[in-house]
Asker: 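Mind having a look at this structure? Questions to follow.
Just so it is clear, the values below take in all heavy atoms, side chains as well, and ignore hydrogens, waters and symmetry mates. Every value quoted in this text rests on a predicted model; they were computed, and no experiment measured them.
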Amino acid sequence: MLTAGKQDFKLVGYLNSIEDIIINMSGEAYIKLTTLSDLPESIDINDFYGSINVYVSKFNTISLYDNMYDADDIRVQHIWDELSSLLIEVTPDVKADKNRPNKYWWWGDRVRVQKLNESFQPNKDTKMVAMPVFSKDNSATGIETVTDFEDAIQSKKLLGKLNAEWSRDKYDIPTAIIWKEDDFNLSVYTGIDQQINTNYGIIYVLEAQKGKKINITEENMSWFNAQYQFDDVVYLPIDVAFGEYLSKATFFENEKTSDSLVISDTTTMLSDSKVTNMTDTVNSNRNTSEFNDYSEQSKDLEFLLQFRENTKQKGLYYSDSDLVNFHISMKTDGMVILSGLSGTGKSKLVTEYATALKANIRFVPVRPFWADDSDLLGYADTVNNIYRPGDSGLIDTLVDAQDNDKSLFIVVFDEMNLARVEHYFSQFLSVLEMDSGDRMLTLYNQQLESRLYNSDKYPSSIRISENVLFVGTVNTDESTYQFSDKVLDRSNVMTLKMIPFGSIDETPVSSVERSKREVIKASDFQKMKKVNTEAKLTSDEKNMLWEIHEALNNVDANIGIGWRIVRQIDKYLMNIPDGIDSYTREKAFDMQIIQRVLTKVRGSEDQMRELVGKTTAEGKHEPGKLENILDQYSDSSPFEGSRQIIARKSKELNLYGFTV
């Protein structure tokens, strides 16, 4: 079903005729793109009229200069000369016609081009087939070879994530999928029966007794001469794809058996315990107080070792559990908020994390006078017909991230509670609710786009993909504001621990040890996001969260534990790295109660005393409702950290009459 707005798929086409170049009444030039690839099955063909309008100004990846002051015929000829020899890929941006119901206008955005091969002369009858491509760069953890890939297909496991936009609808099954071993060594699989999209990647299921495979090597140059690849999608003329190759594919036997998959539409979580991509098993004979070097390591463990070494080299000292906790929190989307005493290294922690990932980092210092979105994002100056971005540099960073979606970007809002977060950060709070593939940040009214001189650089909306991570640092003193539940619901709030000064080992890591480390690439970060369904929330643990919710809600009807928090705790637990005995699932669950639930326990003594218990004059703590609930579910965790936090809040009630 078609809905207006930017679509989650791409189409390719070409400029068929010079007559398909139009200059409108405002002097803007656009082309009518004749499409070559088909619409996804989920889109009604009657909602499409064969061409897509694309403003010439959208061709910002090539040096196409269109001077509005030239004569129209000169402009048209120049545009034709530049574009007629190109294959053009666009993301459709569909707009509803206000005057005619069920009528849509199709426009193209995020334009990219490739030179057409001389032997390929498309016409209106030409069709191209689109095939997603998987390789070591975008495959799920544990998939490194074609054998691993085939095992994953046969076992109905996650194959990986596509960097390219591909329709998430279950009916939009590709004609074929490709495993790319190297530039001239492909394995192509047809007979796809199911497409299952999750937040963690794609599963493709081969149809029983119909799945076929064909190998493409450098001997098959007609394939490589005809293909066009944009990111993780290959486009091939249909006569080459079927006429020469796919029709010759042979049966690909499904030798493995596995239970059928059940996907929950409400949570988009995998519910089959066998659908998991486990990392390499590491040596179990290890020191449980920290993570060490082993001959076989998961990507997570290798990265964490690099992360820890980077911090030590800079004279920074963090507990291993804080490093692991921060890494898992960064993998589970939303926002990570770092709290702690001044000088504990909150900003430095993020800097070294970005260094270990080879990620781009942008610090946005929050100003006390920020009152709404425009202070952070900027505004459309309609008097001078220009968009004026905020002076923080945030928008330029987000534009760079959108244009360089294979690179990782970390945005740090430094001292973010100097102003009221709910005011200047309101749009981001809405964006953080969405899945990473659907996050769009609106800068100004789309109708102004054609009027603003710099709309090519600053479009009316920016997609915030999963290559952008958000972190906030906070101080807690009289000059700052508390976070509302709206912020806490979308954040993991971490308080960094202080390491005892005498326990610090200042022996530097030798250059020999560092040279052994595998360089961690930004693309590896997505591979670290995994689904270990054996670690997800149990029914008892969900019951425990419900009891805590009721206890909180009875005190204040405006607070509690929503579904968003439950899902994010679930995701956190399923992203615990392998190979670190000291950070057990029990400890991780305890940490999530601290970071996602107990942050809401704040208020006056009348409200909170029954929840957090009493602390006598002799310093003895008498448990309240929350600890009684934890006692009932002690099989899940001893909840040592949570109990300490609750006891501290009880003492705060004695001292101040309230807790924060």
Asker: Do we see a donor-acceptor contact under 3.5 Å between the side chains of W166 and Q195?
Answerer: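 Per modelled atom types, W166 and Q195 side chains form a pair under 3.5 Å.
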Asker: Work out which heavy atom in Q229 is nearest to a heavy atom in D232; give both atom names and the distance.
Answerer: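 Scanning both residues, the minimum pair turns out to be NE2-CA, 4.5 Å.
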Asker: Measure centre to centre between the rings of F425 and F413, then say whether the value is under 6.0 Å.
Answerer: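 Centroid distance F425-F413: below 6.0 Å, so yes.
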Asker: Looking only at the aromatic ring of each residue, does the gap between the centers of Y245 and W223 stay below 6.0 angstrom?
Answerer: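 Judged by ring-centre distance (under 6.0 Å), W223 and Y245 do meet the cut-off.
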Asker: We want to know whether T397 and N360 form a side-chain donor-acceptor pair, criterion being a heavy-atom distance below 3.5 angstrom.
Answerer: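 Short answer, no.
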Asker: Among all residues two or more places apart in sequence or in another chain, which pass the salt bridge (Lys or Arg N to Asp or Glu O under 4.0 Å) test with K127?
Answerer: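 Here the qualifying residues are D38.
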Asker: State yes or no: are the ring centers of Y30 and F59 separated by less than 6.0 Å?
Answerer: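 Not under 6.0 Å, so no.
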Asker: Could you tell me whether F149 and W179 have their ring centroids closer than 6.0 angstrom?
Answerer: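 When the ring centroids of F149 and W179 are compared, they turn out to be within the sub-6.0 Å range.
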Asker: Could you tell me whether K212 sits above the aromatic face of F251, with NZ or CZ closer than 6.0 angstrom to the six-membered ring centre and within 45 degrees of the axis?
Answerer: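 Yes, K212 and F251 form such a contact.
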Asker: Is it the case that the side chain of D403 and the backbone of D400 share a donor-acceptor pair, with hydrogens and angles ignored and the cut-off at 3.5 Å?
Answerer: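 The answer is no, because no donor-acceptor pair under 3.5 Å joins these two groups.
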Asker: Test of understanding: with side-chain hydrogen bond (donor to acceptor under 3.5 Å, both in side chains), list the residues that count as partners of D239, not counting sequence neighbours.
Answerer: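 Once residues adjacent in sequence are excluded, D239 has no partner under the side-chain hydrogen bond (donor to acceptor under 3.5 Å, both in side chains) criterion.
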Asker: Do Y444 and Y458 make the cut of ring centroids closer than 6.0 angstrom?
Answerer: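 Here the rings of Y458 and Y444 have centres that are no less than 6.0 Å from each other.
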Asker: I'd like to know if the side chain of E89 reaches the main chain of V111, judged simply by a donor and an acceptor atom lying under 3.5 Å from each other, with no hydrogens or angles considered.
Answerer: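 Side chain of E89 to backbone of V111: no pair is present.
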Asker: Between the main-chain N or O of E144 and the side-chain N or O of D148, is there a donor-acceptor pair closer than 3.5 Å?
Answerer: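 Looks like yes, one N/O pair under 3.5 Å.
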Asker: Does N117 reach the main-chain N or O of S119 with its side chain, forming a donor-acceptor pair under 3.5 Å?
Answerer: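 Not a single qualifying donor-acceptor pair exists.
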